[in-house]
Chemist: 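Input: one structure, supplied below.
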Number of protein chains: 2
Amino acid sequence: MTEPNNAPSGPGTAPPERPRKARSSQKEQQIIDGALRAFLARGYSASMDVIAQEAGVSKQTVYSHFKDKETLFSALIDRLLDEFMSAGLSPELMSADPGTFFRSVANIALSRLDDWEYISLLRVLIAESARVPELADVYVNRLVRPATQRLADYISSNEKIKFKDPEAVARIFHGALVHFIIMQEILNGKHTLPMSRERIADSLVDLILFAAEKTQDAR
Amino acid sequence: MTEPNNAPSGPGTAPPERPRKARSSQKEQQIIDGALRAFLARGYSASMDVIAQEAGVSKQTVYSHFKDKETLFSALIDRLLDEFMSAGLSPELMSADPGTFFRSVANIALSRLDDWEYISLLRVLIAESARVPELADVYVNRLVRPATQRLADYISSNEKIKFKDPEAVARIFHGALVHFIIMQEILNGKHTLPMSRERIADSLVDLILFAAEKTQDAR
DNA sequence: GTCTATACATGGATAGAC
DNA sequence: GTCTATCCATGTATAGAC
């Protein structure tokens with residue numbers, strides 16, 4: 001009945017301490033960790049038995065902390081998305097020159113090629129997007145929107161570059177990077193269609209910088 | 001570099017002619033169609049009961065044509081990939097000017113935003129890529145490799161444009177388009193982060209043309 | 001080949017002891 | 001809260017009649 005979880009995102013007061021998992025007992029942390037591993041490795045089809053086993057607790061213990069499988073799944077995805085929520089590019093980067101800025105953004109994005117959790121999360125989100133569209137919405141609102149927004153803001157505000165449609169350019173830049181991750185890591189392109197991340201970063205940065213210069217020339 | 005006609009980069013020795021059995025009875029066609037709808041709508045978790053119902057036959061009839069669920073699934077995905085296999089851009093396009101070429105490629109790719117089968121196929125491929133990696137490999141070899149290869153070939157051969165790394169540019173161009181489809185249609189971005197396909201196409205074509213011109217100037 | 005009926009296993013969820 | 005044991009629905013696959 002009364003759920004131990006409290007304090008969703010408090011509107012008026014910004015809590016200086018962690019808003020979530022105020023008291024996560026030893027067992028609860030075990031459950032969360034185990035369920036995370038199970039879901040990310042096997043998708044939503046991971047059985048509750050496997051989850052309990054992975055967590056090192058009994059199945060009933062899982063159910064004493066989470067109402068049902070769907071609740072557990074959504075809670076975990078939501079939790080993961082929070083962790084990956086970009087805390088924002090460092091402010092000094094927003095005032096860096098275009099070459100530094102785009103190169104840094106590309107490198108940060110491509111560093112996720114090594115992050116098994118991020119890659120698995122992406123796969124599960126896409127896999128379950130039809131069944132649970134809300135999770136895809138959370139992903140878009142927490143990760144994609146801020147990322148593309150900041151890119152568009154930089155493009156719009158920086159004097160040295162000028163594009164007709166900063167938002168579209170931002171989405172192209174972001175999309176090329178994310179697709180490369182999906183391609184290489186999820187769809188096995190790392191083996192069937194290998195290409196180094198440096199080549200993608202180099203060409204992408206060149207592309208946008210050259211186009212920006214050309215647009216400048218044409219003014 | 002390599003022969004454009006044959007590209008069976010695999011060890012298997014499959015006769016190039018008669019790639020598929022010609023006899024598909026009435027029932028068998030029903031099964032295929034029903035299973036296709038069921039799998040694309042609900043993923044691999046679609047039950048054999050639902051598949052049989054969707055096909056309008058009994059469950060046993062399905063099993064009399066396909067050994068088990070996994071075989072049926074793989075056969076269908078393989079069949080779908082064949083249908084989507086790009087027959088190659090029309091030869092006259094390969095000799096068109098860059099503006100026409102890239103604009104056409106972008107429009108062709110973005111037309112898949114309206115293709116429910118393609119979108120569902122993409123989702124299922126990603127969803128099952130961990131469990132059945134071979135299907136992802138087939139997708140990459142049949143669709144992604146030819147598409148990016150032709151883009152890279154065009155970039156390499158056309159006198160009017162010059163990039164340091166045509167293959168990387170090809171993958172960026174292709175990736176930005178495919179990611180836009182994943183974003184808008186699979187991850188629900190069409191509602192949460194709307195953007196017209198024309199804006200993406202315009203900015204992407206501008207980006208590559210301007211960058212190409214700039215590279216020309218710098219020669 | 002095609003159907004109805006069924007065997008067998010798995011999975012989500014609960015009961016009851018401690 | 002935590003465990004073991006269990007219920008019951010669903011799912012894959014098969015048997016047997018026609």
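The sequence lines fix the lettering, A, B, ..., with proteins before strands; numbering per chain opens at 1.
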Chemist: Taking ring pair (Phe, Tyr, Trp, His ring centres under 6.0 Å) as the definition, give me every residue that meets it alongside A:Y118, ordered by chain and number, with sequence neighbours left out.
Modeler: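 Here the qualifying residues are A:F84.
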Chemist: Would you jot down, in residue-number order, the residues of residues 42-50 of chain B having a non-hydrogen atom under 4.0 Å from DNA chain D?
Modeler: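 Contacts with DNA chain D under 4.0 Å: B:A46, B:S47, B:M48, B:D49.
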Chemist: If a pair satisfies salt bridge (charged side-chain N to carboxylate O under 4.0 Å, His left out) and one of its residues is in residues 168-180 of chain B, list it, with sequence neighbours excluded.
Modeler: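 The answer is none; no pair qualifies.
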Chemist: Please identify each residue that fulfils side-chain hydrogen bond (donor to acceptor under 3.5 Å, both in side chains) with B:D115, with sequence neighbours left out.
Modeler: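 If we apply the side-chain hydrogen bond (donor to acceptor under 3.5 Å, both in side chains) test to B:D115, skipping adjacent residues, there are no hits.
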Chemist: Kindly write out the residues that satisfy ring pair (Phe, Tyr, Trp, His ring centres under 6.0 Å) with B:F173, not counting sequence neighbours, or none if the list is empty.
Modeler: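 B:F173: ring pair (Phe, Tyr, Trp, His ring centres under 6.0 Å) contacts with B:F102.
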Chemist: With sequence neighbours excluded, what pairs up with B:F101 under the ring pair (Phe, Tyr, Trp, His ring centres under 6.0 Å) test?
Modeler: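 Scan of B:F101 (ring pair (Phe, Tyr, Trp, His ring centres under 6.0 Å), adjacent residues dropped) gives B:Y154.
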Chemist: Can you measure B:I51 atom CD1 to D:dA13 atom P for me and round it to whole angstrom units?
Modeler: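 Whole-Å distance recorded here is 10 Å.
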Chemist: Which residue pairs pass the side chain to side chain donor-acceptor pair (under 3.5 Å) test when at least one of the two sits in residues 130-141 of chain A, sequence neighbours left out?
Modeler: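 The answer is A:E70-A:R131, A:E128-A:R131, A:D137-B:N188, A:N141-A:R145.
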Chemist: Atom pairs, N/O to N/O, protein against nucleotides 2-4 of chain D, distance under 3.5 Å?
Modeler:
residue: D:dT2; atom: OP2; partner: A:H65; partner atom: NE2; Å: 2.8
residue: D:dC3; atom: OP2; partner: A:S58; partner atom: N; Å: 3.0
residue: D:dC3; atom: OP2; partner: A:S58; partner atom: OG; Å: 3.2
residue: D:dC3; atom: OP2; partner: A:T61; partner atom: OG1; Å: 2.2

Chemist: Residues two or more places apart in sequence or in another chain: which of them pass side-chain contact (heavy atoms from CB on, under 4.5 Å) with A:D165?
Modeler: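 A:E167, A:A168, B:R199, B:S203.
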Chemist: Do the side chains of B:R197 and B:D202 get close enough for a salt bridge, i.e. N-O under 4.0 angstrom?
Modeler: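 Between B:D202 and B:R197 there is no salt bridge, as every charged N stays at least 4.0 Å from the carboxylate O atoms.
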Chemist: May I have the distance from A:Q30 (atom CD) to D:dG1 (atom C1'), rounded to whole angstrom?
Modeler: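 From A:Q30 CD to D:dG1 C1': 13 Å.
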Chemist: Got a sec, which pairs hit ring pair (Phe, Tyr, Trp, His ring centres under 6.0 Å) with one end in residues 179-199 of chain B, sequence neighbours left out?
Modeler: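 Sorted pair list: A:H174-B:H179.
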Chemist: Heavy-atom contacts under 4.0 Å between residues 68-78 of chain B and DNA chain D, which residues?
Modeler: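 Per residue number, the list reads B:D68, B:K69.
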Chemist: Could you tell me the separation between the OH atom of A:Y63 and the P atom of C:dG11, rounded to a whole number of Å?
Modeler: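 Value for this atom pair: 12 Å.
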Chemist: Please identify each residue that fulfils side-chain hydrogen bond (donor to acceptor under 3.5 Å, both in side chains) with B:S58, with sequence neighbours left out.
Modeler: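 B:S58 satisfies side-chain hydrogen bond (donor to acceptor under 3.5 Å, both in side chains) with B:T61 once adjacent residues are dropped.
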